[in-house]
Amino acid sequence: MAAAQEADGAGSAVVAAGGGSSGQVTSNGSVGRDPPAETQPQNPPPQPAPNAWQVIKGVLFRIFIIWAISSWFRRGPAPQDQAGPGGAPRVASRNLFPKDTLMNLHVYISEHEHFTDFNATSALFWEQQDLVYGDWTSGENSDGCYEHFAELDIPQSVQQNGSIYIHVYFTKSGFHPDPRQKALYRRLATVHMSRMINKYKRRRFQKTKNLLTGETEADPEMIKRAEDYGPVEVISHWHPNITINIVDDHTPWVKGSVPPPLDQYVKFDAVSGDYYPIIYFNDYWNLQKDYYPINESLASLPLRVSFCPLSLWRWQLYAAQSAKSPWNFLGDELYEQSDEEQDSVKVALLETNPYLLALTIIVSIVHSVFEFLAFKNDIQFWNSRQSLEGLSVRSVFFGVFQSFVVLLYILDNETNFVVQVSVFIGVLIDLWKITKVMDVRLDREHKVAGLLPRPTFQDKSTYVESSTKVYDDMAFRYLSWILFPLLGCYAVYSLLYLEHKGWYSWVLSMLYGFLLTFGFITMTPQLFINYKLKSVAHLPWRMLTYKALNTFIDDLFAFVIKMPVMYRIGCLRDDVVFFIYLYQRWIYRVDPTRVNEFGMSGEAPTAAAPVAEAPPVAGALSSAPSPTTTTEAAREEASTPPPSQAPQGPSSASEPQEAPPKPAEDKKRD
């Protein structure tokens with residue numbers, strides 16, 4: 001059951017994010033108009049996006065991993081230098097732009113990262129006069145926001161995968177951002193921030209074909225680009241929306257004491273020690289699916305720039321979401337995967353009913369807790385298990401095979417790194433289980449290739465001496481009659497109708513698809529053993545209960561949230577197997593002779609049956625009793641009260657008198 005669910009989870013995790021959009025989502029969460037049709041290239045066919053249930057579980061897992069890694073590597077805070085250059089204590093700084101400062105906004109677009117051409121009118125994209133710092137009531141919607149839209153004529157270098165930058169300047173009213181204008185430029189009256197507004201994304205080409213005919217349904221142009229640029233091509237992409245936020249903050253920050261990640265944005269003046277207003281380029285609500293590639297067919301690009309004030313606490317939320325420092329050692333590919341997965345969370349926040357969203361978050365947390373408890377009890381069960389009576393050892397080996405297939409499949413398809421780590425840990429746990437169900441030894445006399453000791457496996461005595469091994473072999477023999485024909489049919493179907501990168505990929509995808517579809521059959525041998533033994537006391541019921549609760553939660557979201565039909569069928573088939581387990585638990589309620597997972601049985605030790613001993617006749621010789629019988633009889637006679645003496649009458653004298661029984665000491669002496 002666990003192996004099938006693991007295969008289902010990995011199968012749902014490798015689904016790529018995609019999908020189209022009917023409108024453009026602005027950085028404030030509002031929906032803007034679509035780019036012109038002539039500037040919107042044809043995107044590849046959309047792929048089914050992962051459901052919010054899967055993504056929220058993945059986000060919770062990522063939060064836990066980030067917290068664990070940061071806690072592991074976090075050291076004590078470095079002592080802050082509270083003294084200035086002359087030994088005097090540092091004083092709290094202030095914002096160089098006091099509240100209600102009148103200021104001007106200048107936005108320039110350039111191909112150069114460092115902008116100096118202030119006199120070029122073509123570079124000036126937007127100029128807004130007389131903005132008030134900290135004003136939340138002006139603008140068209142009375143929210144302090146302003147907006148400007150225009151079409152950018154892009155040069156040939158940008159069409160050929162070049163970069164394009166946005167340069168933003170805020171100056172106090174009456175000043176100019178150009179340093180060459182000595183009369184109008186003031187260093188402390190000007191704040192500047194630049195950023196590249198196009199985004200480079202990797203596009204991977206999958207060279208797949210039908211292995212029998214050699215034909216493919218891929219676009220010939222894509223095939224040609226794959227031959228020219230290789231399997232991975234870096235392409236410049238464009239999104240038409242960006243928001244410029246100026247943070248309404250007047251906190252007396254102390255230089256060197258600003259907490260991360262905020263310290264990346266607070267800039268102090270080297271002379272005065274005060275800090276400049278914080279400018280933040282906000283593209284959090286720009287969904288990855290709304291980016292489109294820039295190529296030579298595009299002569300212009302649409303751009304909508306918005307200006308809005310931003311509160312300190314909201315800026316802290318955005319800055320925390322943008323911080324990726326704990327994952328620096330994993331490379332840029334993980335960032336791309338993380339951004340694509342976060343799209344589903346953003347869509348859920350924008351489109352999902354708030355009550356359903358709150359319920360989803362709560363149930364996701366409960367689901368994660370149940371997964372942890374199931375994992376804990378599974379390890380605890382196998383670690384403390386002494387007897388293998390009633391347990392299917394072959395199912396453990398088949399689970400290892402399943403885990404290896406899933407691991408090789410996700411490695412071949414370059415799945416998310418977090419999924420790869422979780423599946424690899426599952427493989428290690430399954431390998432550890434082998435040491436608990438088999439006697440594993442290293443044969444150092446017969447080495448593999450003359451170098452490595454040869455591992456040897458031998459069934460444990462508790463498995464061989466009981467009838468479990470016979471029933472286990474019988475169950476898998478019956479199972480093979482169903483499993484192998486289904487495997488052959490699925491292999492033929494995959495070879496005839498599906499495309500693959502090669503024969504290795506065909507074997508992996510065929511085995512993975514087969515296990516995902518029919519993997520639940522491997523849970524039936526344990527049902528057969530339970531039926532033959534008429535007992536379920538040997539099962540890890542705590543672990544099964546937690547996994548069943550998770551399956552029921554999956555059922556709930558499988559029909560509330562859109563997801564593949566095979567995933568819904570997988571949830572239902574696991575339910576059917578667990579209900580059969582419950583039925584067996586009901587009909588095999590009490591079995592006092594069965595040894596449970598702690599090596600104990602419910603049958604109390606019973607005393608040996610009393611042995612009746614005929615009183616010997618006087619003068620008769622009896623055979624010497626065995627030591628065991630003598631001891632039991634002595635214990636019985638010692639515990640039996642002496643019979644009452646009957647009155648002797650005249651008639652009793654003529655009857656033969658029975659000899660009194662020997663005391664226990666005499667019997668022991670005999």
With side chains defined as the heavy atoms from C-beta onward, is the minimum distance between [X] and [Y] less than 4.5 Å?
| X | Y | answer |
| --- | --- | --- |
| Gln584 | Gln526 | no |
| Leu408 | Asp412 | no |
| Arg585 | Asn530 | no |
| Asp459 | Met438 | yes |
| Ser395 | Phe476 | yes |
| Ile235 | Tyr291 | no |
| Trp382 | Leu391 | yes |

Closest approach of Arg394 to Asp473 (non-hydrogen atoms, all atoms of both residues): NE-OD1, 2.6 Å
Nearest atoms (heavy-atom pairs only) where His500 meets Ser505: ND1-O, 4.3 Å
Over 12 non-hydrogen atoms of neighbours within 6.0 angstrom of CZ in Phe397: yes
Side chains of Lys199 and Gln288, donor plus acceptor under 3.5 Å: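 Note: Lys199 and Gln288 side chains meet the donor-acceptor criterion.
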Steps toward side-chain contact (heavy atoms from CB on, under 4.5 Å) verdict (Phe514, Val405): CA-CA 11 Å; Phe514 175 77; Val405 170; over 6 Å; no
Partner residues of Lys532 under the side chain to side chain contact (heavy atoms under 4.5 Å, CB included) criterion, sequence neighbours left out: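 Partners of Lys532 by the side chain to side chain contact (heavy atoms under 4.5 Å, CB included) criterion, ordered by chain and then number, come out as Tyr471, Met474, Phe528.
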Residues Asp290, Asn286; criterion side-chain contact (heavy atoms from CB on, under 4.5 Å); working and verdict: CA-CA 7 Å; Asp290 295 331; Asn286 289 355; over 6 Å; no
Pair Leu495-Trp506, side-chain contact (heavy atoms from CB on, under 4.5 Å): steps then yes or no: CA-CA 7 Å; Leu495 191 60; Trp506 168 72; 3.8 Å; yes
